[in-house]
Amino acid sequence: MAEDKGITPQKQDFAAWYNEVVLRGELADYSPVRGSMVIRPWGYGIWENMQRALDARFKETGHENAYFPLLIPMSFIEKEKEHVEGFKPELAVVTHAGGKELEEPLVVRPTSETIIYSMYAKWVQSYRDLPILLNQWANVMRWELRTRLFLRTSEFLWQEGHTAHATAEEAEEETRRMLDVYRTFMEEWIAMPPLTGLKTESEKFAGAVRSYACEALMQDNRALQAGTSHFLGQNFSRQFDLTFQTEGGEEDYAWNTSWGVSTRLVGGMVLTHGDDRGVVVPPKLAPTQVVVIPIWRTEEEGTAVREKAESLALRLRERGVRVRVDARDQLTPGAKFYEWERKGVPIRMEVGPKDLKKEQVVLVSRVELAGEKRKAFLPEGEAVESLPGRLDAFQTALLERAVARREENSYRGVESIGELAEIMEGPGGFVYTGWSGDPEVEERVKAETKATIRCIPDPEFRSKKAPTRCVGGGEAKMEVVWARAY
RNA sequence: CGGGGCGUGGCGCAGCUCGGUAGCGCGCCUGCUUUGGGAGCAGGAGGUCCCCGGUUCGAAUCCGGGCGCCCCGACCA
């Protein structure tokens, strides 16, 4: 029976590995409707921790939460030309309600720009009403052809920030600020270090003037667009009459931004840190950071050991650690070890009769950190005292590991499509090349290599020596990063 | 949309070639023994075999049609 208990190894079949890790780690399960999923408590707890951290940052940067409705009049979506074209194929439309056909079909929001800016139009008269800085936590629906748990489902949870400003400069600044919020969050909380930069015309959000994105490199060396921030210019303002009187008394259209991250981040976390044992959850995101497993034989031992486990848990909670004691009697300790490892709890604490006598505990780390054994036998006091530090070290180590992996799989100075194709067919990764800015080149490279331009990287990610040749021949006007994407 | 796979107790599957009244593992329930890396034994519960139609004395099995889900390729956070 030991045979079917393992998870398909990453190296054998990455897609199968991912599915099994998500399902068996109890992050999510398939729902009866094609392409939609149920987020289970463990997965939702991770999302809640993400929400908490992000929400705090949104508030710190001056935003408030609000809620706009799920249903949007079809005519709204149709107002912004590029916006409709971008979303039409994946809209779910309500045509009947209350037992009869509706006069005007309603769209289940794929995103909320239209409804939100139509409301802003109502609320804004003067430059004094600006800026409006709102965010909403919501579900959205995009009828995707091909779906994957967390990474692409028909319905998903996200936040969408929508702001209106009096000047383009201010809106642009907001766009960049929120991209940076995302980037920092991904690094500090998910330990998933993204590349940031500008999207090309063909990859930008439908309806935006410019899109910026966080692009993270997963363990299979494919890129995951993990967060986007858009400068919308006056595109939506014009369609929804979002005008205001300037200080000089003239009428002008407001400048908008929108930005979002979704439950896709949970998938990104799995694809960044997971291993053949299952999920690995960074301590800052883990609903349970330390699981205490009492081990006993006799009832007498059981009582003593469980008591000890509870008192240790209490002491850890006093130090701000999220702890859970798993005292279930029906499972052997080994079964619990496997279960919590599958779910990715960062640290396990074992307490048995032997430890009671020696006044020690066993700490086992979910992953082997640089230069440390997974298992440590420590005096109780020391274990308790050291745990917050251990969790921090765990978090830091994950980020360092991920940064190192990203750099090891980044290729700079690539000058030809052939070279790029070779990397894509082989190991994959981020490939930096020069680009003329010609969409035709972008299209051709994509057709030949299946790689897309993930972004025009921000200055800090650019190569020391700027490329001079475009990957498709001719002169380079800028540097871009290619990868096969999720 | 194209290609592939699958649909049988809660889960994973066998049975289908060659029709004869449904089985295995895990899980679940009860009891006893267990518990430091996925416990053992004994007893037990649980199934419209995806749906509709056809062939047949008889269909999980053969034939026709439909539906659903998953995976792989073109579009997307």
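Note: hydrogens, waters and symmetry copies are ignored here, and every other heavy atom, side chains too, is used. Per chain, numbering begins at 1; letters A, B, ... match sequence-line order.
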Engineer: Considering just the side-chain nitrogens and oxygens of A/Arg146, establish if one lies under 4.0 Å of OP1 or OP2 belonging to B/G73.
Structural biologist: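 It does, given that an N or O in the side chain of A/Arg146 lies less than 4.0 Å from OP1 or OP2 of B/G73.
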Engineer: May I ask you to say what A/Val362 touches in the nucleic acid, namely base, sugar-phosphate or nothing, with a heavy-atom cut-off under 4.0 Å?
Structural biologist: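 Base, at least one base heavy atom under 4.0 Å.
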Engineer: Measure CZ/A/Arg277 against P/B/G38 and give the value in whole Å, please.
Structural biologist: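 Distance check: A/Arg277 CZ to B/G38 P gives 14 Å.
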Engineer: For B/G25 and B/G46, measure between their C1' atoms and round to the nearest Å.
Structural biologist: 16 Å
Engineer: Can you say whether a donor on the side chain of A/Arg152 sits under 3.5 Å from an acceptor on the base of B/C76, or the other way round?
Structural biologist: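 A donor-acceptor contact between them is present.
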Engineer: Kindly assign one of parallel, tilted or perpendicular to the pair A/Phe236 and A/Phe240, based on the angle between their ring planes and the thresholds 30° and 60°.
Structural biologist: parallel
Engineer: Considering every strand and a 4.0 Å limit on heavy-atom distances, what is the contact class for A/Gly268: base, sugar-phosphate, or nothing?
Structural biologist: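 Since no nucleic acid heavy atom lies under 4.0 Å of A/Gly268, the category is nothing.
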Engineer: In whole Å, what separates the C1' atom of B/U17 from that of B/U33?
Structural biologist: 47 Å
Engineer: Between B/C70, B/G38, B/U34, spot the one nearest the side chain of A/Tyr30, thanks.
Structural biologist: B/C70
Engineer: Let's see if you can work this out: which of B/G38, B/C72, B/U35 has an atom nearest to the side-chain heavy atoms of A/Arg24?
Structural biologist: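 From the listed options, B/G38 comes nearest.
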Engineer: Indicate, with a heavy-atom threshold strictly under 4.0 Å, whether A/Leu151 touches base, sugar-phosphate, or nothing.
Structural biologist: base
Engineer: Which listed nucleotide (B/A74, B/G36, B/G37) is nearest to the side chain of A/Lys375?
Structural biologist: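 Side chain of A/Lys375 sits closest to B/G37.
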Engineer: Mind checking A/Arg342 for me? I need base, sugar-phosphate or nothing, with any heavy atom below 4.0 Å counting as a touch.
Structural biologist: base
Engineer: By the 4.0 Å heavy-atom rule, please label A/Gln225 as base, sugar-phosphate, or nothing.
Structural biologist: sugar-phosphate
Engineer: Looking only at atom types and distance, does a side-chain atom of A/Arg406 sit under 3.5 Å from a main-chain N or O of A/Pro193, one as donor and one as acceptor?
Structural biologist: yes
Engineer: Which part of the nucleic acid does A/Pro89 contact within heavy-atom distance under 4.0 Å: base, sugar-phosphate only, or nothing?
Structural biologist: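 The residue A/Pro89 makes no contact with any strand.
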Engineer: Does A/Glu64 CD have over 12 foreign heavy atoms under 6.0 Å away?
Structural biologist: no
Engineer: Which nucleotide, in any strand shown, forms a Watson-Crick or G-U wobble pair with B/G68, with both distances under 3.5 Å?
Structural biologist: B/C6
Engineer: If I take atom OH in residue A/Tyr486 and atom P in nucleotide B/C71, what distance separates them, rounded to the nearest angstrom?
Structural biologist: 12 Å
Engineer: Using a 4.0 Å heavy-atom cut-off across all strands, classify A/Gly352 as base, sugar-phosphate, or nothing.
Structural biologist: base
Engineer: Which nucleotide wins on minimum distance to the side chain of A/Glu350, given the candidates B/A77, B/G38, B/G36?
Structural biologist: B/G36
Engineer: Going by 5.5 Å between centroids and 30° between planes, is there a stack of A/Trp158 over B/A77?
Structural biologist: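 No; centroid distance or tilt outside limits.
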Engineer: Just to be sure I understand the rule, does A/Ala15 reach a base, reach only the sugar-phosphate, or reach nothing, if contact means heavy atoms closer than 4.0 Å?
Structural biologist: sugar-phosphate
Engineer: Between A/Phe68 and A/His162, does a ring pair (Phe, Tyr, Trp, His ring centres under 6.0 Å) hold up when you go through it step by step?
Structural biologist: CA-CA 11 Å; A/Phe68 295 83; A/His162 292 275; 7.6 Å; no
Engineer: Could you please name the option among B/U35, B/C75, B/G37 that lies closest to any side-chain atom of A/Phe337?
Structural biologist: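 Ranking B/U35, B/C75, B/G37 by closest atom to the A/Phe337 side chain puts B/G37 first.
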Engineer: Looking only at atom C1', what distance separates B/G7 and B/G12, rounded to whole Å?
Structural biologist: 13 Å
Engineer: When all nucleic acid strands are considered with a 4.0 Å heavy-atom cut-off, which category describes A/Lys450: base, sugar-phosphate, or nothing?
Structural biologist: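 Here A/Lys450 touches the backbone only, sparing every base.
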Engineer: Given the P atoms of B/C11 and B/G31, what is the spacing between them in whole Å?
Structural biologist: 26 Å
Engineer: Looking at A/Glu172 and A/Arg210, is any side-chain nitrogen of the basic one under 4.0 Å from a carboxylate oxygen of the acidic one?
Structural biologist: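 Salt bridge flag = yes for A/Glu172 with A/Arg210.
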Engineer: Taking the minimum atom-to-atom distance to the side chain of A/Tyr338, which one of B/G37, B/U35, B/A77 wins?
Structural biologist: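 Nearest to the side-chain atoms of A/Tyr338, counting from C-beta on, is B/G37.
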Engineer: Of the candidate nucleotides B/C71, B/U35, B/A77, which contains the atom at the shortest distance from the side chain of A/Thr228?
Structural biologist: B/A77
Engineer: Mind checking A/Thr147 for me? I need base, sugar-phosphate or nothing, with any heavy atom below 4.0 Å counting as a touch.
Structural biologist: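 Touches sugar-phosphate only.
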Engineer: Choosing from B/C75, B/G38, B/G36, which nucleotide comes nearest the side chain of A/Lys446?
Structural biologist: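 Given the options B/C75, B/G38, B/G36, the side chain of A/Lys446 is closest to B/C75.
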Engineer: Categorize A/Lys354 for me: base, sugar-phosphate, or nothing, with a 4.0 angstrom heavy-atom threshold over every strand shown.
Structural biologist: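 Touches a base.
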Engineer: State which residue, out of A/Lys336, A/Arg24, A/Arg374, fulfils the salt bridge (Lys or Arg N to Asp or Glu O under 4.0 Å) condition with A/Glu341.
Structural biologist: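 Among A/Lys336, A/Arg24, A/Arg374, the one meeting salt bridge (Lys or Arg N to Asp or Glu O under 4.0 Å) with A/Glu341 is A/Arg374.
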Engineer: Can you find a donor-acceptor pair, distance only, under 3.5 Å between A/Glu341 side chain and B/G37 base?
Structural biologist: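 Between B/G37 and A/Glu341, which were checked side chain against base, a qualifying N/O pair under 3.5 Å is present.
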Engineer: So if I take every side-chain heavy atom of A/Ala335 and compare against B/A77, B/A74, B/G38, which nucleotide ends up nearest?
Structural biologist: B/G38
Engineer: Please check if the number of heavy atoms outside A/Gln234 that lie under 6.0 Å from its CD is greater than 12.
Structural biologist: yes
Engineer: Across all strands, who's sitting opposite B/A22 as a Watson-Crick or G-U wobble pair, both distances under 3.5 Å?
Structural biologist: none
Engineer: Using Watson-Crick or G-U wobble geometry with both distances under 3.5 Å, which nucleotide pairs with B/G43?
Structural biologist: B/C29
Engineer: So A/Arg348, base contact, sugar-phosphate only, or nothing? Heavy-atom distance under 4.0 Å.
Structural biologist: base
Engineer: In whole Å, measure the gap between the P atoms of B/A60 and B/C16 for me.
Structural biologist: 14 Å
Engineer: Please determine, for B/C49, whether a Watson-Crick or G-U wobble partner exists with both distances under 3.5 Å, and give it or none.
Structural biologist: none
Engineer: Considering only the C1' atoms, how many Å lie between B/A22 and B/G64, rounded to the nearest integer?
Structural biologist: 25 Å
Engineer: Counting heavy atoms not belonging to A/Arg324, are there more than 12 under 6.0 Å from its CZ?
Structural biologist: no
Engineer: Can you find a side chain N or O atom of A/Asn19 that sits less than 4.0 Å from OP1 or OP2 on B/C71?
Structural biologist: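 The answer is yes; a side-chain N or O of A/Asn19 sits under 4.0 Å from OP1 or OP2.
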